[in-house]
Amino acid sequence: MSITVTPTHPDFVAEISGVDLAQPLQPADRDGIEEAINRYAVVVFRDQKLNDEQQIAFARHFGPIHSSAQRARHKGIKHRLASAEIADISNLDGDGKVMDRTARRRLDWLANRLWHTDASFRAVPGALSLLYAHIVPDEGGDTEFADLRAAYDALGEAKKREIDGLVAEHSIWHSRAQLDVTQYSPEELASLPPVPQRVVRIHPGSHRKTLYLASHASHIIGMPVPDGRLLLLDLVEHATQSRFVHVHRWRQGDLVIWDNRCTMHRARPFDTAKVRDLRRVTTRDVASTLEQAA
Ligand code: OGA
Ligand code: MN
């Protein structure tokens with residue numbers, strides 16, 4: 001059986017059926033999935049049954065794994081998941097209990113509610129993220145996605161000229177600081193220094209121009225900080241108008257892949273006293289955006 005790709009939004013997002021991701025992946029299905037990711041940027045698989053190893057093995061078909069930065073910024077705590085190749089996106093602590101409201105990892109995790117793209121704060125950023133739902137709450141906890149290629153296309157020519165060639169500084173500490181989450185040790189802070197990334201890039205899978213934005217982007221290099229920050233805030237506001245946004249309502253067994261190179265995403269609120277167990281594997285981009293075609 002081969003895959004069926006069904007678009008769910010006018011510009012991006014598709015659902016893919018006809019494949020069991022726990023089984024060895026057929027080359028034709030792999031190629032079909034990659035083609036769908038390049039075209040739609042966000043693809044959804046329903047009713048999958050995956051353990052962590054199967055999720056990691058599936059991700060490897062699409063590139064080398066970006067080991068999670070969670071261990072670098074949460075030193076000396078017990079991690080629930082065995083592998084550094086999988087990021088714990090749950091609200092559970094190292095013992096599998098719902099995290100205390102003031103737990104440091106919980107406060108850090110709340111920053112997923114800000115519009116962002118994964119690992120833009122690493123010199124070689126994230127490419128694809130694969131997020132799998134083990135347990136979802138009855139209400140809330142959706143994930144929203146914004147299409148940054150369509151958002152780029154919709155900019156006026158003058159704005160396109162203004163931002164062409166700009167480079168933003170990205171830092172995980174900037175996104176956390178927006179929520180006043182600052183309790184990191186000097187060693188943790190030093191392990192993830194700020195990095196430069198292009199504001200406009202060419203999405204390699206489609207050769208389309210795209211914005212590259214995130215809550216991690218703090219200012220524009222070579223511009224006074226307030227000017228650059230306001231420019232970035234305006235671009236995020238533009239790119240997250242409802243016409244560019246798709247809401248994913250999670251069901252247990254969903255695996256969603258998104259392309260961080262041409263989308264942003266954010267988690268939506270839910271009652272964090274309830275369990276939400278999602279786990280993510282992210283592939284590595286080939287190089288810093290500064291070393292890629294623009
Ligand atoms: C992520 C993320 C959003 C969510 O896994 O990278 O931002 O809804 N998740 O949990
Ligand atoms: Mn994320």
Side-chain angles (χ1 to χ4, degrees), residues 13 41-45 50 52 55-56 58-59 62 65-74 79-81 83-92 98-99 105-122 125-148 170-172 174-176 178-179 181 192 197 212-217 236 239-240 245-272 274-285:
V13 192
V42 179
V43 299
V44 177
F45 303 83
L50 296 173
D52 293 353
Q55 186 181 348
I56 293 166
F58 174 62
F62 302 98
I65 310 294
H66 214 329
S67 66
S68 165
Q70 284 182 330
R71 281 168 165 76
R73 66 177 190 275
H74 299 294
H79 291 275
R80 185 171 67 101
L81 307 179
S83 172
E85 293 188 315
I86 197 151
D88 193 349
I89 308 300
S90 78
N91 58 336
L92 303 174
V98 169
M99 286 188 283
R105 199 183 77 71
R106 177 180 178 277
L107 302 178
D108 178 275
W109 161 84
L110 285 173
N112 281 345
R113 297 253 312 267
L114 304 173
W115 283 110
H116 68 283
T117 185
D118 293 332
S120 69
F121 54 86
R122 316 271 297 267
L128 304 179
S129 284
L130 298 86
L131 185 62
Y132 178 65
H134 288 258
I135 302 174
V136 295
D138 296 336
E139 270 189 76
D142 301 337
T143 305
E144 293 182 347
F145 295 93
D147 180 352
L148 298 185
H170 290 237
S171 166
I172 182 120
H174 177 68
S175 55
R176 274 56 192 164
Q178 289 175 56
L179 299 180
V181 176
L192 294 167
Q197 303 289 3
Y212 189 58
L213 303 168
S215 56
H216 313 303
V236 169
T240 55
V245 172
H246 170 80
V247 183
H248 180 72
R249 300 207 158 81
W250 289 95
R251 301 199 310 235
Q252 188 171 320
D254 286 352
L255 180 105
V256 178
I257 306 180
W258 64 83
D259 193 332
N260 289 293
R261 297 166 294 193
C262 60
T263 59
M264 277 193 296
H265 59 279
R266 65 171 179 178
R268 301 304 291 146
F270 69 103
D271 176 357
T272 61
K274 308 255 167 68
V275 176
R276 183 174 185 265
D277 184 357
L278 273 63
R279 307 180 193 183
R280 169 163 63 76
V281 181
T282 295
T283 66
R284 272 166 62 94
D285 205 341

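Ligands are counted one by one from 1 in listed order, and the atoms in each one are counted from 1 as well.
Each of the atoms 1 (C), 5 (O), 6 (O) of ligand 1 lies under 4.0 Å from some heavy atom of R280. Interface of H265 with ligand 1, defined as ligand atoms under 4.0 Å from a residue heavy atom, comprises 1 (C), 2 (C), 6 (O), 7 (O). For ligand 1 and N112, the ligand atoms under 4.0 Å from any heavy atom of the residue are 2 (C), 7 (O). Each of the atoms 6 (O) of ligand 1 lies under 4.0 Å from some heavy atom of D118. Taking every non-hydrogen atom of H116 and a distance limit under 4.0 Å, the qualifying atoms of ligand 1 come out as 7 (O). When each atom of ligand 1 is checked for a heavy atom of I89 under 4.0 Å away, the hits are 5 (O), 9 (N), 10 (O). Contact atoms of ligand 1 toward L131: 5 (O), 9 (N) (distance under 4.0 Å to a heavy atom of the residue). Each of the atoms 4 (C), 8 (O) of ligand 1 lies under 4.0 Å from some heavy atom of T143.
Between the side chain of Q55 and the backbone N or O of L130, at least one donor-acceptor pair lies under 3.5 Å. When atom types are taken as modelled, the side chain of D108 and the backbone of R176 share no donor-acceptor pair closer than 3.5 angstrom. When atom types are taken as modelled, the side chain of N260 and the backbone of A127 share a donor-acceptor pair closer than 3.5 angstrom. Counting only distance, with no hydrogens or angles, the side chain of W109 and the backbone of I89 share a donor-acceptor pair below 3.5 Å. Between the side chain of H79 and the backbone N or O of H74 there is at least one donor-acceptor pair closer than 3.5 Å.
For the atom pair CZ of R73 and CG of L192, the computed distance is 7.0 Å after rounding to the nearest 0.5 Å.
Residue contacts with ligand 1 do not include W115, since none of its heavy atoms lies under 4.0 Å from the ligand. Heavy atoms of R268 stay at 4.0 angstrom or farther from ligand 1.
Closest to atom 10 (O) of ligand 1, if we only count protein heavy atoms, is R276 NH1, 2.8 Å. Protein heavy atom in closest approach to atom 3 (C) of ligand 1: A267 CB, 3.7 Å.
Exactly one residue among R266, H170, H265, H216 makes a side chain to side chain donor-acceptor pair (under 3.5 Å) with H116. That residue is H265.
A donor and an acceptor atom, one from each side chain of D254 and H248, are located under 3.5 Å apart. Side-chain contact of S129 with D118: a donor-acceptor pair under 3.5 Å is present, judged by distance alone.
Side-chain contact between W250 and T143 is present, with heavy atoms from C-beta onward closer than 4.5 Å.
The Mn ion (ligand 2) lies closest to atom OD1 when only the N/O/S atoms of D118 are considered. If you look at H116 and ask which of its N, O or S atoms sits nearest the Mn ion (ligand 2), the answer is NE2.
Of the heavy atoms in F145, none comes closer than 4.0 Å to ligand 1.
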